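Reviewing the structure listed below.
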There are 4 protein chains.
Amino acid sequence: MRIKDTEKHEALFQAAVKVVNEIGFASSSVSKIAREAGVSPATLYTYFANKEDLLVSTYMKIKQELSKEAMKKIDDDMPIRDCFKQVWINYFEFATTHRDYSVFAEQFANSPYNEKVDLVQFEKMFEPIGRLVRRGIEMKIIKNVNPDVIGAFVFYPVLILTNPRLCRNFKITEEQIQASFQLAWDAIKL
Amino acid sequence: MRIKDTEKHEALFQAAVKVVNEIGFASSSVSKIAREAGVSPATLYTYFANKEDLLVSTYMKIKQELSKEAMKKIDDDMPIRDCFKQVWINYFEFATTHRDYSVFAEQFANSPYNEKVDLVQFEKMFEPIGRLVRRGIEMKIIKNVNPDVIGAFVFYPVLILTNPRLCRNFKITEEQIQASFQLAWDAIKL
Amino acid sequence: MRIKDTEKHEALFQAAVKVVNEIGFASSSVSKIAREAGVSPATLYTYFANKEDLLVSTYMKIKQELSKEAMKKIDDDMPIRDCFKQVWINYFEFATTHRDYSVFAEQFANSPYNEKVDLVQFEKMFEPIGRLVRRGIEMKIIKNVNPDVIGAFVFYPVLILTNPRLCRNFKITEEQIQASFQLAWDAIKL
Amino acid sequence: MRIKDTEKHEALFQAAVKVVNEIGFASSSVSKIAREAGVSPATLYTYFANKEDLLVSTYMKIKQELSKEAMKKIDDDMPIRDCFKQVWINYFEFATTHRDYSVFAEQFANSPYNEKVDLVQFEKMFEPIGRLVRRGIEMKIIKNVNPDVIGAFVFYPVLILTNPRLCRNFKITEEQIQASFQLAWDAIKL
DNA sequence: GATGAATGAGTGTTCATTCAT
DNA sequence: CATGAATGAACACTCATTCAT
């Protein structure tokens with residue numbers, strides 16, 4: 001028997017991202033994604049149970065990668081603010097260098113498929129950031145607000161800033177990134 | 001010749017919003033929207049050129065309404081901060097009381113249809129807010145950053161906070177709203 | 001608007017019967033039936049809710065027609081035996097002249113779709129025959145057995161006799177029909 | 001070369017019967033049957049030439065078994081009527097204890113695959129019963145009619161009576177069986 | 001001998017849109 | 001002005017079968 005091809009598995013992930021980026025979530029079909037990956041639509045079904053599985057898996061993979069990247073260069077004995085800044089910069093860079101991932105993730109999150117994600121697994125991925133927030137609150141460095149609020153004012157704006165469709169005038173420069181983080185930090189710092 | 005029935009026109013808008021809310025952007029079809037509006041699919045085509053026209057028009061109508069609501073209770077001789085707060089609260093309330101509009105708008109904005117909106121008309125709608133931002137900058141009350149950045153840190157977070165799918169733990173109370181605005185204002189104030 | 005075409009409705013019934021006869025129940029597909037009827041597969045769905053609806057409706061139509069034919073030339077003051085004979089002959093003739101209907105009905109009845117038929121409606125159609133059986137039992141002319149048993153020994157054999165695939169040597173002649181009815185009658189008469 | 005695994009061969013027969021019983025002839029697929037048998041679809045093709053071969057072989061196996069069971073406890077010097085009764089009871093019991101075989105056989109017989117059975121082999125299996133019929137006719141104990149007619153009035157009704165889908169009110173009891181055989185015998189006896 | 005991967009052709013069904021009325 | 005009928009094209013998915021290992 002032929003061995004299951006991890007290259008094809010990966011190719012299908014990439015194809016899903018690419019197709020959704022190019023023609024949008026709503027117009028993306030299993031056959032278009034399969035064609036993009038260079039396999040038959042039927043073959044796709046040996047790697048994924050169905051369309052939902054393909055899309056949810058792709059989303060989880062993106063989030064997984066993001067959550068890993070977000071914690072890069074973080075050291076527990078760095079000051080809280082520096083930790084936040086590093087995470088924010090990591091997030092910003094991830095969103096900039098993987099525009100396609102962000103586009104996919106946003107479209108996915110605003111679709112009914114979003115309800116199919118495993119919340120437990122999801123929250124486990126972002127647990128380190130949650131811990132960081134809680135630490136900041138305990139140390140009276142950041143405001144004592146619901147973590148969802150922190151997310152909304154610190155991380156979500158990154159998605160907006162790095163989205164050229166939404167921020168048509170904003171040009172990404174080192175200076176702008178620094179200035180923008182200042183807003184994020186001012187929002188949450190005590 | 002009778003004038004085209006504005007009731008049906010309106011019914012189709014409402015139906016589009018409702019259907020997209022209930023089954024998602026991708027599953028929404030012209031015939032389902034027509035059925036929801038109580039008209040034949042063919043009739044829809046006497047009010048809208050095609051599906052794209054229906055969706056884009058609905059989106060613009062929502063944004064139009066939002067931009068009108070956003071400037072409610074604003075007086076030019078109110079202090080800048082109070083203006084911002086009122087706009088922010090207006091926006092928050094609009095997003096809360098019209099969850100269906102927000103859901104539609106988010107799905108629309110994250111779809112390729114978004115590229116079909118008339119940018120000139122769009123920016124004209126939000127011109128008053130732009131003017132407010134510029135005034136705040138000139139008066140050295142808010143930071144001198146790109147208006148897109150202001151939007152990203154002040155207004156977009158509202159979309160997140162009012163979206164129960166994204167903020168599962170955040171419960172909307174008067175207290176929480178006040179606390180959240182504090183973050184928004186701290187982010188941008190000089 | 002175009003008016004719903006009863007000819008097409010009828011054509012789809014006939015096409016379903018024909019296709020099932022020619023290639024069998026299992027191989028019959030919606031598109032093949034539509035093609036046979038001379039319409040697009042999509043059009044089929046304006047006349048029937050789905051494949052199941054098409055097949056069940058066709059089956060019910062056949063049974064309806066059969067149940068009507070079965071009671072032809074029956075008069076309440078004919079002797080019981082003559083009534084039975086007439087019904088039996090009617091049934092035999094129906095099965096012979098509408099071989100295609102019988103083939104469809106047999107394949108349908110041996111498929112899982114059979115469970116979708118409305119039993120109430122079904123039993124109403126064959127109520128006159130049930131009444132005849134009960135009358136014969138009351139009058140001590142036929143054996144007092146479960147009506148299902150009467151059906152199994154009187155009417156079901158007709159399906160076998162008229163099926164050339166199952167009765168390869170049996171040739172249908174007036175004489176054979178008379179002789180066969182004798183067996184049916186001997187089975188049930190007291 | 002190892003001999004082909006007869007266990008797997010047998011498992012595939014059983015799986016075919018089971019799957020057809022559970023989901024119907026039309027929905028039964030080679031891979032589902034293979035999965036049920038615990039082998040790969042590819043393996044199935046080392047035991048059977050193709051789907052048709054699998055189904056036809058399974059059918060023949062069932063008929064083979066039935067024809068063997070039918071002649072159990074038969075002795076050439078038993079009276080004709082007792083022979084018939086024993087065969088009939090055997091058949092009845094086979095159909096009752098192997099409902100799954102009967103369901104498979106009925107669906108198969110009403111499908112186009114039925115035309116693929118080897119008629120010579122088939123008739124050889126049921127030759128003993130044919131001989132019994134001919135003997136009864138010669139001895140002027142049963143009516144001189146086409147053997148197909150005997151089959152239609154004596155044996156096929158068993159399939160009906162033992163099919164709970166067709167005989168919803170008939171409950172199988174020793175008494176009912178005896179009464180039913182009476183009908184069968186009355187039908188054919190001179 | 002045994003297997004899961006692979007696929008072209010097909011499944012039932014819905015789509016956006018047009019057409020005749 | 002309004003409509004349901006009509007459809008080619010597409011949808012997600014499964015099929016029987018073959019192939020490389």
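Letters A, B, ... are given to chains in the order of the sequence lines, protein chains preceding strands, and every chain is numbered from 1. Being a predicted model, the structure only gives us computed values, none of them experimental.
When the shell of 6.0 Å around NZ of B:K18 is examined, it contains 12 or fewer heavy atoms from other residues, nucleotides or ligands.
In this structure, the side chain of B:D53 does not engage the main chain of B:F48 through any donor-acceptor pair within 3.5 Å. Without hydrogens or angle criteria, C:N114 side chain to C:N110 main chain gives no donor-acceptor distance under 3.5 Å. Panel note: side chain D:E36, backbone D:V19; no donor-acceptor pair is recorded below 3.5 Å. For the pair A:R165 (side chain) and B:E115 (backbone), a donor-acceptor distance under 3.5 Å is absent. Within the 3.5 Å criterion, the main-chain N or O of B:S27 finds a donor-acceptor partner in the side chain of B:K32.
In this structure the side chain of B:Q14 never reaches within 4.5 angstrom of the side chain of B:L12, judged on heavy atoms. Between B:V20 and B:T58, the closest side-chain pair of non-hydrogen atoms is not below 4.5 Å.
Straight-line distance from the CZ atom of B:F48 to the C1' atom of E:dA16: 16 Å, rounded to whole Å. The distance from atom CG of C:L54 to atom C1' of E:dT11 is 15 Å, rounded to the nearest whole Å. Atoms OH (C:Y47) and C1' (F:dA6) sit 8 Å apart, rounded to a whole Å. Rounded to whole angstrom, the span from the CG atom of B:L55 across to the C1' atom of E:dA16 amounts to 12 Å.
Taken together, the paired segments of DNA chain F that extend over three or more consecutive Watson-Crick or G-U pairs, each closer than 3.5 Å at both contacts, are E:2-21 with F:2-21.
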| Per-nucleotide protein contact string for nucleotides 7-13 of chain F, where B marks a base within reach and S marks sugar-phosphate only (heavy atoms under 4.0 Å, - for neither) | BB--SSB
